[in-house]
Amino acid sequence: MIQLSTTVNATSLGPPLDVAALLLHISVDFILTISVYSSVIVFLETTLQTMETQLRSEQVKTVLSALCKIPFLFLLLYFFVCSLDVLSSAFQLAGGRVAGDIFQENAILSNPVAGLVVGILVTVLVQSSSTSTSIIVSLVSSGLLDVHSAIPIIMGSNIGTSVTNTIVALMQAGEREEFERAFAGATVHDCFNWLSVLVLLPLEAVSGLLRHLSQAVVDTLQFSSGEEAPELLKVLTEPLTKMIIQLDRSVITAIATGDQSVRNKSLVKQWCQTTTMEVWVVSMIRLNLCRHLFVDCILSDLAIGLILLACSLLVLCSCLILLVKLLNSLLKGQVASAINKVINTDFPYPFTWLAGYLALLVGAGMTFLVQSSSVFTSAITPLIGIGVISIERAYPLTLGSNLGTTTTATLAALASPGDKLAAATQVALCHFFFNLLGILLWYPIPVTRLPIRMACALGNCTARYRWFAVLYLLLCFLLLPSLVFALSMAGWKVMTGIGVPVIMVIISVVTVNMLQVRRPDFLPLRLQNWDFLPVWMTSLQPLDNLITRVTLWCRQGRGEYPSQYYNTN
């Protein structure tokens, strides 16, 4: 049986030598396969190690690059804030005397609408609500202006101070989506102030609400003169800005109070420091010459103001463009998403409402530290443009900034001398209550947050027609206030005869628009849409076409475009 099995195996598998060769061949193939797999594994391990080394080196380079960009970011932010300070000084040099002359018209200031417009124009001219507020406090404390007339001017200064961040938003006009977000974030401040004025100014004129509230607080609390409000930001920026320009802002206040002795005095400060030395019984005062670029300059205040205006705008635009590019490179990918989650995410239910109020407190605290609402709102405008801060979160930050700047003004008023303390404190409290009541009107209930919807509509319009942003600035902060001011100078009859029909038309158009969207069946068939009106009354497209044609015609005249391009368009 064993022999038979051997025979069968030999017959089926072949000679023994062939079996040995097959086994040898299989062994060699196995060894070769093992060696190939080993080589592949070693190669993969080496490749992975190389890739890990490269990734680590790239991560190190990325971290080092970010660490190098952060100091540059703070440096740009520093120059950005300094340029805002110089810009304010430039506006005061160019328009400070005009602002002082405007405040002398006490008969006009008794008109609340004219007072509101004066506050807007003066704050736009001097680019500082604190300067205009200090002038108002001086006028009230000296008896040249009563608190009743000062309240509309305070409201106007609140509107005028929001022009700075709107100008900053124009610097992001290069990218359409960024410009839309930035302009909406900047104008939400304007919309809030205008809506608050539309409600609170008539209420104040009828009932004196703000005046009575502030008077009650002044009568109830026993105020005593305190220390000056902290000036954290000025400690950092003044070493540089004082080397460029120093102003004697008391000249504007003196002009406003009617002091003719300073009529020909320059706003540029020449003598800065006083040193008192006691020599026996007589005290000697030595004046030290200021150290800035325009000491003993032969140029007029207007010329110096225009020079500083051009230079500060150039630095402001350059810093803002570089800041946006730097923030885009730093805040991208996972970093941007992480910041978005931290800033824009609400608290879990039922505390979702708490995040907005926390943002409001952050805005108030940050503005209190930097002592300028314009600086804070201008600093967050680029962040809104690149999408790091949403418009819904920027809104409470802006409202908090409004409260923060009034708190600083209140502390500054508490440091006033005893004879001016009550009037200064009452004016500052009127400013505070105006913003507080505005927040109560337009924030706690989500349906009443109209400024967000209005700002988004303005952002959409400027994204489509970029020239609308410049038109908006000119209309809201210069042309319309100047027109209302001219009408107020003509008297109550002229202003009422023109203003009342215009207001009635605006109210009618708004009402019809609301009914067209919600209840069109309540309207006559002809008023269910505006198709019966000319196109230029319902759309900005005809004006956009005209501006485009004029622009192309001007460029063709300079030879930038061939005539064929102009004819085809």
Side-chain angles (χ1 to χ4, degrees), residues 103 106 108-123 129-162 189-223 360 364 367 373 398-414 416 420-444 448 450-451 481 484 488:
F103 272 122
N106 293 328
I108 296 175
L109 296 182
S110 60
N111 180 349
V113 178
L116 173 74
V117 174
V118 165
I120 296 173
L121 290 176
V122 169
T123 309
S129 60
S130 59
T131 300
S132 57
T133 305
S134 65
I135 296 174
I136 298 167
V137 170
S138 299
L139 291 174
V140 172
S141 60
S142 61
L144 297 176
L145 190 68
D146 57 4
V147 177
H148 174 73
S149 301
I151 293 175
I153 309 176
I154 290 288
M155 295 182 183
S157 67
N158 221 48
I159 294 175
T161 191
S162 61
H189 195 186
D190 309 342
C191 297
F192 168 78
N193 286 328
W194 280 109
L195 287 174
S196 299
V197 164
L198 288 175
V199 174
L200 294 178
L201 181 61
L203 185 62
E204 175 64 25
V206 173
S207 64
L209 176 64
L210 296 176
R211 186 175 75 257
H212 294 319
L213 276 176
S214 59
Q215 186 64 52
V217 174
V218 170
D219 293 340
T220 302
L221 301 177
Q222 297 295 324
F223 289 115
L360 197 146
T367 305
S373 60
T398 302
L399 301 188
S401 178
N402 271 4
L403 277 183
T405 192
T406 58
T407 306
T408 306
T410 305
L411 290 176
L414 292 177
S416 301
K420 299 181 180 180
L421 180 61
T425 304
Q426 187 174 0
V427 171
L429 287 174
C430 287
H431 195 189
F432 173 77
F433 284 126
F434 169 73
N435 285 288
L436 182 62
L437 292 175
I439 292 174
L440 294 177
L441 281 173
W442 309 115
Y443 186 73
T448 61
L450 297 179
V484 175
S488 64

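Among the candidates Thr161, Thr367, Asn435, the single residue satisfying the side chain to side chain donor-acceptor pair (under 3.5 Å) test with Asn402 is Asn435.
Atom-to-atom distance recorded for Leu437:CG and Leu210:CG is 6.0 Å, nearest 0.5 angstrom. Taking CG of Leu209 as the start and OG of Ser214 as the end, the distance is 9.5 Å to the nearest 0.5 Å. Here the OG1 atom belonging to Thr123 is positioned 8.5 Å from the CD1 atom belonging to Ile154, to the nearest 0.5 angstrom. Annotation: the span from Leu203 atom CG to Ser196 atom OG amounts to 12.0 Å, rounded to 0.5 Å. Here CG of Leu436 is found 6.0 Å from CG of Leu403. Values are rounded to the nearest 0.5 Å. Distance check, rounded to the nearest 0.5 Å: CG of Leu441 to CG of Leu198 gives 11.5 Å.
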Determine, step by step, whether Phe434 and Asn158 satisfy the side chain to side chain contact (heavy atoms under 4.5 Å, CB included) criterion, reporting the C-alpha distance in whole Å, the side-chain angles of both residues, the deciding distance to 0.1 Å, and the verdict.
CA-CA 9 Å; Phe434 169 73; Asn158 221 48; 3.3 Å; yes
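Residue Pro202 comes nearest to Val197 through the heavy atom pair CD-O, 3.6 Å, listed as atom of the first residue, atom of the second, then distance. Summarising the geometry of Met155 relative to Glu204, their closest heavy-atom pair is CE-CB, 4.3 Å, with the distance given to 0.1 Å. The nearest pair of heavy atoms linking Pro152 to Ser149 is CD-O, 3.4 Å.
Between the Ser162 side chain and the Ile159 main chain, a donor and an acceptor come within less than 3.5 Å of each other.
Put simply, the side chain of Trp442 reaches to within 4.5 Å of the side chain of Leu195, judged on heavy atoms. Between Val147 and Gln215, every side-chain heavy-atom pair lies at or beyond the 4.5 Å cut-off. Residues Pro112 and Leu201 have side chains in contact (heavy-atom distance under 4.5 Å, counting atoms from C-beta outward).
In this structure Tyr443 satisfies the side-chain contact (heavy atoms from CB on, under 4.5 Å) test together with Tyr357, Tyr395, Pro396, Leu399, Ile439, Arg449, sequence neighbours excluded.
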